[in-house]
Amino acid sequence: MTTFRLTAEQRRYFYELVATGNITKAAQSLYLSRQGLSRSMRGLEESVGVPLFARGKQGVKLTRAGRALLHHLHEEDRAWEGCLDRLRSFGGSEPEPVRVGLLSMFVGYDQKRQLLSRFQEDDDLRVEIVDGDHDVFWQAMLAGTMECAITIAPPEHMGLPSIKLADDTLSVLLSCDDPLARKSSVDFVRDLRGRTVVQTSPYKERLYETVFRNHGILTDAILHDRNLMLAHVSTRKQCFIIQTEYALGLVTDEVCRRPLVNAPLDMASVFVFRPDLTPCALRVARTIVGDFGKTGELDAYLAATAPPSRRDEAVEALRRLAF
């Protein structure tokens with residue numbers, strides 16, 4: 001059965017006939033012949049399948065079905081006006097994106113999708129996830145082109161505030177047929193001497209260069225690509241050091257994970273952010289750190305660092321966000 005839709009013309013004719021209650025007057029107002037208007041309304045009644053008007057010597061009156069149609073059309077008009085008001089409230093431009101730095105090596109598609117899905121119903125907020133290296137994220141924040149990132153602790157001289165998200169342990173990824181895979185854990189000092197560790201982050205390569213050299217550990221810098229890293233580990237018998245939280249998602253049939261002990265490396269996940277977060281960026285930041293139970297720490301920092309003249313305002317804004 002074909003769905004019938006009222007045309008704009010039928011709608012206008014129906015409204016005018018309802019308003020005047022007289023076919024002749026309505027036809028004159030619409031610059032139609034009386035017969036033409038009558039034919040159009042009878043065609044409408046045939047399309048909906050019920051009489052809409054009761055015709056008599058005193059003019060035309062709406063039937064019960066006609067009143068129901070009129071009510072529905074009024075509801076449609078009100079809904080359309082509401083839609084227009086909402087569209088006009090958006091103005092002429094899209095909201096500025098809140099850019100969040102997440103390393104694709106560690107954060108998979110599903111995690112990114114879940115983060116974005118939290119904000120998809122918010123018309124005033126657009127979140128953009130950016131991939132890159134740690135120092136690239138920090139430089140972008142200093143330049144004002146990124147709001148926050150999950151990374152490692154930045155150098156103090158950058159002056160970027162940060163919150164440690166978790167004291168995560170480290171793991172090493174190995175080929176399943178690597179002799180070290182038979183151990184329950186891998187000792188950084190004793191077991192990795194003479195071995196080659198894959199480095200996918202230029203910044204980490206520079207940061208840990210001295211530590212690896214002092215312990216007789218070789219490094220192999222490759223592109224920041226998950227599949228390439230796994231291929232080096234599984235086929236070249238190299239290894240990869242990573243936080244345990246992320247290592248769990250990188251295990252395959254060819255690559256296994258073992259806890260890494262005695263490693264003089266600090267790779268704790270840290271939330272780094274600009275000190276002048278916009279209200280939209282603050283909402284995103286609170287959502288991210290909230291997963292780690294760190295919302296109070298973020299709010300306390302922002303309230304404590306706000307200028308005296310704005311401190312009460314900042315505290316009140318944070319209070320509203322909490323609800």
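The structure displayed is predicted, hence computed values, not measured ones. Here, residue 1 is the first one in the sequence, and each next residue gets the next number. In what follows, every heavy atom counts, from backbone to side chain, and hydrogens, waters and symmetry copies are set aside.
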CD1/I222 to CD/E205 distance, rounded to the nearest 0.5 angstrom?
10.5 Å
Other residues, nucleotides and ligands only: do more than 12 of their heavy atoms fall within 6.0 Å of CD on E156?
no
Applying ring-ring contact (aromatic ring centres under 6.0 Å, His included) to Y208 and Y203, what does each step give before you reach the verdict?
CA-CA 9 Å; Y208 304 131; Y203 176 78; 8.1 Å; no
Atom NZ of K25 with >12 non-hydrogen neighbours under 6.0 angstrom:
no
Of the options V197, I241, V189, which is the one that meets I217 in a side chain to side chain contact (heavy atoms under 4.5 Å, CB included)?
V197
Salt bridge flag under 4.0 Å for residues D178 and R195:
yes
Heavy-atom side-chain proximity of T20 to E16 below 4.5 angstrom
yes
Shortest non-hydrogen pair, P264 vs V211, comes out as CG-CG1, 3.6 Å
Neighbour count above 12 (heavy atom, 6.0 Å) for D253 CG
no
Taking everything shown except R55 itself, do over 12 heavy atoms lie less than 6.0 Å from its CZ?
yes
Under a 4.0 Å threshold between the charged nitrogen and the carboxylate oxygen, would R11 count as salt-bridged to D77?
yes
Salt bridge between R78 and E81, side-chain N to carboxylate O under 4.0 Å?
no
Taking NZ, NE, NH1 and NH2 as the nitrogens, is one of them in R12 or E9 under 4.0 Å from a carboxylate oxygen of the other?
no
Polar side-chain atom of Q238 near backbone of V198 as donor-acceptor pair, under 3.5 Å
no
ILVMFWY cluster, M146 and V136 together (side-chain gap under 4.5 Å):
no
State, to 0.1 Å, how close L230 and L250 come at their nearest heavy-atom pair, and which atoms those are.
CD2-O, 3.5 Å
Quick check: do Y13 and V18 have side-chain heavy atoms less than 4.5 Å from each other?
no
Following the transitive rule for hydrophobic clusters with a side-chain heavy-atom cut-off under 4.5 Å over Ile, Leu, Val, Met, Phe, Trp and Tyr, establish whether L17 and L30 coincide in one cluster.
yes
Which atom of E147 lies closest to which atom of R99, heavy atoms considered
OE1-N, 2.6 Å
Could you give me the CA-CA distance, side-chain angles and deciding distance for H71 and H74, then say whether side-chain contact (heavy atoms from CB on, under 4.5 Å) is met?
CA-CA 5 Å; H71 174 76; H74 283 164; 5.7 Å; no
Going by atom types alone, do S175 and S234 pair a side-chain donor with an acceptor below 3.5 Å?
no
Nearest-0.5 Å distance, OG1 of residue T151 to CE of residue M267
11.5 Å
Taking L174 as the starting point, is it possible to reach L218 by hopping between hydrophobic residues whose side chains are less than 4.5 Å apart?
no
Is F53 reachable from L73 through a run of I, L, V, M, F, W or Y residues, each pair having side-chain heavy atoms under 4.5 Å apart?
yes
Distance-only polar pair, side chains of S171 and R257, donor-acceptor under 3.5 Å
yes
If we only count heavy atoms from C-beta on, is the L125 to V98 side-chain gap below 4.5 Å?
yes
Just do the side-chain contact (heavy atoms from CB on, under 4.5 Å) check on L102 and V130 with the steps written out, would you?
CA-CA 6 Å; L102 295 176; V130 182; over 6 Å; no
Output, in order, the C-alpha distance, side-chain angles, deciding distance and verdict of side-chain contact (heavy atoms from CB on, under 4.5 Å) for V100 and V284.
CA-CA 9 Å; V100 180; V284 176; 3.9 Å; yes
Taking all atoms of both residues into account, what is the closest heavy-atom pair of I152 and H134, and its distance?
N-ND1, 3.6 Å
V50 reachable from L6 in the ILVMFWY side-chain graph, under 4.5 Å edges
yes
Take F273 and F271 through the ring-ring contact (aromatic ring centres under 6.0 Å, His included) test and state the conclusion after the steps.
CA-CA 7 Å; F273 56 98; F271 181 72; 5.7 Å; yes
Indicate whether the side chain of Y246 and that of S269 have a donor and an acceptor atom separated by less than 3.5 Å.
yes
Search all heavy atoms of A181 against all heavy atoms of C256 and return the closest pair with its distance.
CB-SG, 3.6 Å
Rounded distance [0.5 Å steps], CG in L173 versus SG in C239:
9.0 Å
Minimal heavy-atom distance between L192 and F188, with the atoms involved, is CB-O, 3.4 Å
With rounding to the nearest 0.5 angstrom, report the CG to NZ distance, L180 to K237.
12.0 Å
Please check if any side-chain donor atom of D220 sits under 3.5 Å from a side-chain acceptor atom of Q199, or the reverse.
no
Could you tell me the separation between the CZ atom of F212 and the CZ atom of R193, rounded to the nearest 0.5 Å?
13.0 Å
Looking only at atom types and distance, does a side-chain atom of R236 sit under 3.5 Å from a main-chain N or O of A231, one as donor and one as acceptor?
no
Nearest 0.5 Å, please: how far is CG in N214 from CD in E209?
10.0 Å
Quick one: does S40's side chain have a donor or acceptor within less than 3.5 Å of a partner on G36's backbone?
no
Would you mind reporting whether V48 and L69 have side-chain heavy atoms less than 4.5 Å apart?
no
With side chains defined as the heavy atoms from C-beta onward, is the minimum distance between T200 and F240 less than 4.5 Å?
yes
Quick one: do E46 and R39 make a salt bridge, cutoff under 4.0 Å?
no
Is there side-chain contact between I242 and L170, with at least one heavy-atom pair below 4.5 Å?
no
With no hydrogens and no angle check, is any side-chain donor or acceptor of D276 less than 3.5 Å from a backbone partner on T278?
no
Does the side chain of R286 pick up a donor-acceptor pair with the side chain of T295 at under 3.5 Å?
no
Under a 4.0 Å threshold between the charged nitrogen and the carboxylate oxygen, would K204 count as salt-bridged to D133?
no
Side-chain heavy-atom pair R34, Q28 within 4.5 angstrom cut-off
no
Heavy-atom check, side chain of T196 versus side chain of H232, under 4.5 Å:
no
